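Just so we're clear, the structure is a prediction, and the values are computed from it rather than from any experiment. Throughout, protein chains are lettered first and strands after them, A, B, ... in sequence-line order, and every chain is numbered starting at 1.
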Amino acid sequence: MSDSTPLVEVKDLKKHFPVTRGIILQRKVGIVRAVDGVSFSIQRGETLGMVGESGCGKTTAGRTMLGLYPATSGSVTIDGEDILHARGKDQLAIRRKAQIIFQDPYASLNPRWSVNSIVSEPMRVHGLFASQKERAERAKDLLGLVGLSPHLLNRFPHEFSGGQRQRIGIARALASDPLFIVCDEPISALDVSIQAQVVNLLEKLQDQFGLTYLFVAHDLSMVRHICDRVAVMYLGIIVEVADRNELYEKPLHPYTQALLSAVPVPDPRKERERKRTILTGDVPSPINPPSGCRFHPRCPIAVERCKKETPEWREAAPGHWAACHLANG
Amino acid sequence: MFQFILKRLAQGVVLLLIVSITLFLLMMEVGDPIATMGGRTVTRPSDRERLTRQLGLDKPIAVQYLYWLAGNDWTQIDTDGDGIPDKSGTRLGILRGDFGKSLVTKKPVTEMIAERIPNTLILMLASEVVTIFFALIFGIYSALKQYSTLDNILTTLLFVGYSMPIFFISLMSMYLFFILFKKWGLPYLPTVGMFDPEVGKTPLQVLWHMILPVMSLSVIYFAAYSRYIRGTMLEVLSQDYIRTAKSKGLPRRQVVYVHALKNAALPIVTVVGLDLPFLLGGAVVTERIFAWPGMGRLFLDHLSRADVSVVMGSLMLVAGAVVVFQILTDIVYAWLDPRIRYT
Amino acid sequence: MTAQTTSITQLSADDLTAPPLSLWQLAWLRFRRHKLAVFGCVTLVLLLLYSFGGAFVRTEAYANFNDTSRRLEPPSSEHLFGTDSIGRDILARTIYGGQISLFIGFVAVFIETILGILVGALAGYYGGKLDAFLMRIAEALLSIPTILLLLVMAKFFGGKIPEIHIAGRTFSGSVIVIIAIIGATSWMYLARIVRAEFLSLKENEFILAARATGTSNFQIIFYHILPNTFAPIIVSSTLSVANAILAEAYISFLGLGVQPPTATWGNMLESSAKYLDSAPWLWFFPGMLILLTVLSINFIGDGMRDALDPRSRAI
Amino acid sequence: MTSLLQVSGLRTRFHTPEGIVHAVNGISFHVNEGETVAVVGESGCGKSVSMMSLLGLIPTPPGEIVSGTAVFRGNDLFKKSEKELEDTRGREIAMIFQDPMTSLNPVLTVERQLIESLRVHLGFTKEQAQTRAVELLEQVGIPDAKRRVKDYPHQFSGGMRQRVMIAMSLSCAPSLLIADEPTTALDVTIQAQIVELVTRIRDSLHTAVIWITHDLGVVAGIADRVIVMYAGFIVEEANVDDLYDSPGHPYTVSLLAALPRVDRRRDQRLKSIPGAPPNMLIEPRGCPFAPRCEFALEKCRQKNPLLTQVGPNHTAACWVNPKTGALR
């Protein structure tokens with residue numbers, strides 16, 4: 001990590017979805033501010049965790065930054081190149097460097113394609129090898145790398161279990177020799193006993209190839225385990241970022257505090273003694289986010305000021321950023 | 001909701017315009033209307049020319065369409081062929097409710113349709129009612145007793161009904177209930193027309209004459225409907241909320257008739273609602289076989305004589321009904337399904 | 001770390017959850033279990049044999065030969081299905097009529113399928129204005145009852161296409177007309193199905209993965225999404241063959257379909273209603289053949305629906 | 001003290017075109033009055049199927065309860081007629097399900113769904129039931145209950161719907177509540193709310209709870225006793241503290257080791273369990289966990305160990321002591 005410029009830089013990324021009504025002639029009646037101005041950077045070889053409740057925009061952020069949804073505004077550079085505004089060949093070249101793995105092991109592999117076609121696709125699209133045979137050889141190597149037997153190359157996804165499918169998805173993501181992988185809730189659909197397999201594999205690959213990850217998840221325990229730094233999202237914005245131990249041990253934002261206190265711990269004695277901050281109510285609609293601090297209607301410590309003023313994004317401790325009027329590091 | 005209806009109506013009007021233009025263009029080429037007028041052949045070229053002018057058939061298609069659509073009472077037409085318009089038009093156009101006059105009968109199309117519509121509706125609605133009644137009973141029974149012997153037998157029979165060409169079932173039922181019954185000295189069913197001319201058009205006569213055509217139509221619709229209802233019921237019965245209802249210890253009756261049927265009603269209502277306007281078109285084949293004086297026969301007879309106004313009139317009537325019923329179905333759907341609100 | 005390496009090597013072929021069968025093989029296994037579908041297959045093969053193999057037994061000239069001295073003869077050993085109102089052998093005519101009826105059914109559906117896939121795929125994948133435009137056309141066509149639309153079109157095209165000669169045989173131009181109009185008026189249902197499939201599939205994660213890699217739209221539409229819509233397309237197209245055969249029968253029955261001397265099962269029935277009592281064989285045999293064909297195709301379609309159901313992942 | 005529910009030798013299977021799915025393979029357990037028992041296992045281990053079997057909620061066919069008894073308050077549930085079972089369901093044993101989005105009927109108002117059981121089981125009049133429905137909603141913490149009772153399920157958020165489900169299931173004050181992964185579909189913050197709610201209501205009504213889950217964290221907070229299931233078998237049963245302190249089955253040991261902790265700094269890689277759970281289409285032979293077990297012996301592949309006492313109120317089905325690796 002001698003290179004101090006970050007591999008990935010996201011600046012003020014916004015993704016708004018229009019809300020339309022009507023079946024045929026659609027009319028815009030509002031905007032879902034799914035991602036509403038998100039900035040962060042990821043160092044080479046680092047894993048940044050992105051956590052939050054469902055609907056907070058973490059998945060949309062991960063997908064928009066790869067251009068899978070057209071961004072409303074903002075910029076994303078990967079290895080110095082702007083992925084959102086590149087076109088044609090340039091865009092293809094950047095796409096090669098950034099890949100994504102998904103949550104649903106059933107929906108993320110084309111059921112009509114053999115493992116070989118799936119894993120070779122990125123090589124084919126990017127013209128990485130001259131012949132199909134060479135690509136198949138490389139696909140075999142990749143299968144070995146993710147812990148699958150290379151002779152399964154000509155099988156189809158439905159023959160594999162969820163965990164095995166997730167490995168195939170990882171092999172596909174590795175096929176174009178990427179620098180950066182967005183892990184879009186890669187383990188949340190898997191059984192506990194399989195989750196550890198996949199997480200260990202991701203870590204092994206990171207060590208081996210110096211990969212950089214954005215790890216989107218809602219499982220805070222797993223995020224603490226795998227990530228170097230963690231960003232907490234709430235209603236389309238990031239409310240807190242810090243190194244993992246700093247964040248989990250000294251959370252500054254009341255939302256992060258509540259989130260952490262809600263995570264159950266597999267230890268009955270500890271559980272009995274724990275004091276929980278139980279948040280009331282649900283996440284408000286991202287169509288009309290609350291004024292001021294977006295968390296104020298659910299915040300246990302909110303004051304009058306929180307309703308009016310949007311809190312400033314500030315560094316409360318070295319490397320520990322939070323957006324809360326009341327947080328002091 | 002009101003806005004939604006207005007919007008849908010506007011879309012419907014556009015749709016109808018497109019449909020009418022397309023059909024009008026097609027109709028221009030289906031044959032020589034003069035040649036078949038009133039069943040007698042016009043041979044003298046001068047007669048032909050005069051008739052063509054009178055009917056406005058010498059005008060460009062666009063103008064003819066305009067006359068058909070909006071009438072020609074605002075313009076002068078040239079009837080004697082001297083190139084000088086001499087008489088103002090009399091047509092009001094379909095937009096103002098004037099469907100034109102039939103070339104064959106010279107009667108206004110609206111009058112002819114009004115004559116036929118009741119005949120068609122009585123036949124079609126009777127079939128629809130019979131069909132839905134039995135299809136609901138069977139569809140629900142069969143879904144509740146899925147894979148029972150009776151379900152299996154009936155489901156297989158449904159396939160036969162579903163695959164049955166309407167003329168085949170009509171001819172077979174005529175053969176059985178008319179010819180064979182007559183031969184065997186049993187009371188036999190009439191096969192032609194709506195009533196016995198000797199007795200007159202009494203309700204009893206119509207009812208008696210309806211039995212065979214309604215039966216033929218019902219067999220075919222029944223198969224399609226009950227397959228659909230059975231499928232919908234099965235789908236609904238496998239939903240989580242049915243399991244919830246059972247877990248609450250509700251009696252089976254309540255689970256089926258309140259929880260399941262109310263949900264299954266949504267798609268069923270939609271399908272029925274969307275099918276209803278097509279009933280106006282009549283059953284061309286059935287009406288032909290049973291010599292039933294309905295819309296289908298009207299359409300068929302006048303199509304073969306290239307009688308544009310009648311054919312266009314009946315087609316546009318159906319298309320218009322389709323548009324209206326689509327909106328009605330949406331409204332009913334919104335009323336039945338609390339999840340849907342049109343704004 | 002040693003535990004990790006052993007765990008990886010332990011994952012081998014025997015860890016697979018399903019046997020090494022392709023999706024098509026799985027579908028075939030399920031299809032075979034559907035008794036009615038198997039019955040439908042056998043019947044359809046027999047019908048095809050009857051129509052196309054029968055040509056080796058009876059010549060077309062024989063089928064079109066009218067012996068006015070032997071009109072309306074009931075079935076006998078010489079004329080197994082009897083003779084028609086101008087003394088032609090009905091058995092021979094059902095053989096040649098079957099060829100045309102089946103030919104019309106399959107070719108019309110071929111056209112329908114191509115149109116339906118193209119319209120559905122473009123509308124579903126690109127959405128927006130293109131979708132709105134294509135779906136309005138579909139709606140317009142759907143607002144007129146199919147049979148009425150078919151009749152208008154049959155009348156419009158009637159007699160406009162001259163006779164065609166293929167392999168020494170003459171066909172009425174109306175065969176082409178009927179194929180074209182059935183194809184042109186039936187694609188809307190399939191287009192809607194394909195569109196719905198595309199709408200849901202294009203949001204699937206494997207499509208997102210392909211887009212993240214940089215795969216082109218063309219490849220995504222035709223290599224990624226389309227193969228995943230084959231199941232409903234096949235089912236719908238199979239059932240459409242039955243509908244196309246019925247549609248031909250209806251318009252021919254009404255006299256606007258395929259014109260004589262070319263026989264179809266439909267036009268053999270045209271004036272048979274007149275002989276309801278005196279010559280029931282006139283309508284019984286062609287009618288029965290249509291019923292059998294449509295029924296067997298519907299059975300096959302139902303079997304395919306079960307076999308290709310995407311919800312059942314296992315065998 | 002006799003237990004509220006005593007299940008013995010329950011065996012449930014499904015006849016599918018692919019073969020017989022051996023979903024539950026002879027399990028026995030009991031639940032005492034007012035006790036919370038957690039049933040833990042991965043997807044497909046038979047935990048939901050076994051509980052739904054008790055209430056006769058398994059669709060038959062394809063499901064079939066092959067054998068077993070389930071004595072609830074002295075009567076065998078499996079011997080009850082459909083009518084008697086209807087009287088038990090909702091009245092004595094209630095159930096809540098995983099997905100609050102699909103478990104409520106979308107076309108009936110919440111009120112309609114709440115008053116049903118009150119009227120069927122308790123013979124309330126419509127007015128009484130309506131009043132009670134509002135009280136129930138207030139009890140489960142739905143603000144503005146009087147107005148919201150007229151709403152349809154889709155007008156509620158996921159957490160609120162689960163509250164409605166809970167209100168519904170508790171309306172007749174059942175003595176046993178079966179909660180089938182009630183928080184799996186919810187966010188952690190909402191999960192905490194629901195867990196807190198169920199605990200509170202359980203304590204006030206003295207209801208016994210069977211809590212089905214795969215989350216060992218939730219179990220630690222709510223359960224008195226834990227049953228661990230694997231491949232249709234119960235592999236371990238213990239009081240909650242004993243289970244976490246000294247798990248007696250290698251599967252439980254591995255599960256706990258595979259779990260990262262939110263309250264601890266990371267020290268090493270997670271210990272993963274190799275392979276995947278067995279195919280339930282194959283008739284089990286030997287210990288079902290043997291192929292993935294680090295202690296597996298030849299014996300394990302031949303014979304499935306029975307649940308044996310490994311401590312006070314602690315049973316495990318394993319030939320080996322996972323702590324020492326020695327044969328028991």
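- Most heavy-atom pairs under 4.5 Å with chain D: of the set A/Lys270, A/Arg269, A/His218, this distinction falls to A/Arg269.
- The existence of a salt bridge linking A/Asp267 and D/Arg261 is confirmed by a sub-4.0 Å separation between a basic side-chain nitrogen and an acidic carboxylate oxygen.
- Side-chain contact between D/Arg292 and A/Ser193 is present, with at least one heavy-atom pair separated by less than 4.5 Å.
- Between A/Pro264 and D/Asp215, the shortest heavy-atom distance links the atoms CG-OD2, 4.3 Å.
- The shortest heavy-atom contact between A/His225 and D/Arg266 is O-NH1, 2.6 Å.
- When the candidates A/Ala258, A/Ser221, A/Gly163, A/Ser54 are compared by the number of heavy-atom contacts under 4.5 Å with chain D, A/Ser221 comes out ahead.
- For the set A/Ser261, A/Pro266, A/Ala262, the entry with the most heavy-atom pairs within less than 4.5 Å of chain D is A/Pro266.
- For D/Asp241 and A/Arg272, the salt-bridge test passes: some basic side-chain N is under 4.0 Å from an acidic carboxylate O.
- A salt bridge is absent between A/Glu249 and D/Arg264: the closest approach of a Lys/Arg side-chain nitrogen to an acidic carboxylate oxygen does not fall below 4.0 angstrom.
- The parts of D/Val188 that come within reach of chain A are both its backbone and its side chain, each placing non-hydrogen atoms under 4.5 angstrom from that chain.
- Contacts of A/Leu220 with chain D are made by both backbone and side-chain atoms, with heavy-atom separations under 4.5 Å.
- For A/Val192, the parts lying under 4.5 angstrom from a heavy atom of chain D are both the backbone and the side chain.
- Applying a 4.5 Å heavy-atom cutoff, the residues of residues 190-198 of chain D that approach chain A are D/Ile190, D/Gln191, D/Ala192, D/Gln193, D/Glu196.
- Per-residue heavy-atom pair counts under 4.5 Å with chain A were compared for D/Gly158, D/Gly141, D/Gly44, D/Gly221, and the maximum is reached by D/Gly221.
- Looking at every heavy atom in both residues, A/Arg224 comes nearest to D/Val262 through NH1-O, 2.6 Å.
- Side-chain N or O atoms of A/Gln197 include one that pairs as donor or acceptor with a backbone N or O of D/Gly275 at under 3.5 Å.
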Open item on the list: Could you go through D/Thr189 and A/Arg298, starting from their C-alpha distance and side-chain angles, then the distance that decides it, and tell me whether this counts as side chain to side chain contact (heavy atoms under 4.5 Å, CB included)?
Closed with: CA-CA 11 Å; D/Thr189 56; A/Arg298 296 174 81 196; 3.7 Å; yes
Donor-acceptor list for residues 250-259 of chain D side chains, cut-off 3.5 Å, not counting sequence neighbours:
from, atom 1, to, atom 2, distance (Å)
D/Tyr251, OH, D/Glu42, OE1, 2.7
D/Thr252, OG1, D/Glu236, OE1, 2.6
D/Ser254, OG, D/Pro250, O, 2.7

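- Side-chain contact between D/Asp263 and A/Arg274 is absent, with no heavy-atom pair separated by less than 4.5 Å.
- Your options are D/Ala220, D/Ser157, D/Ala223, D/Gly159, and the one with the most heavy-atom pairs under 4.5 Å with chain A is D/Ala220.
- Across D/Leu270 and A/Asn200, no two heavy atoms sit closer than the pair O-ND2, 2.7 Å.
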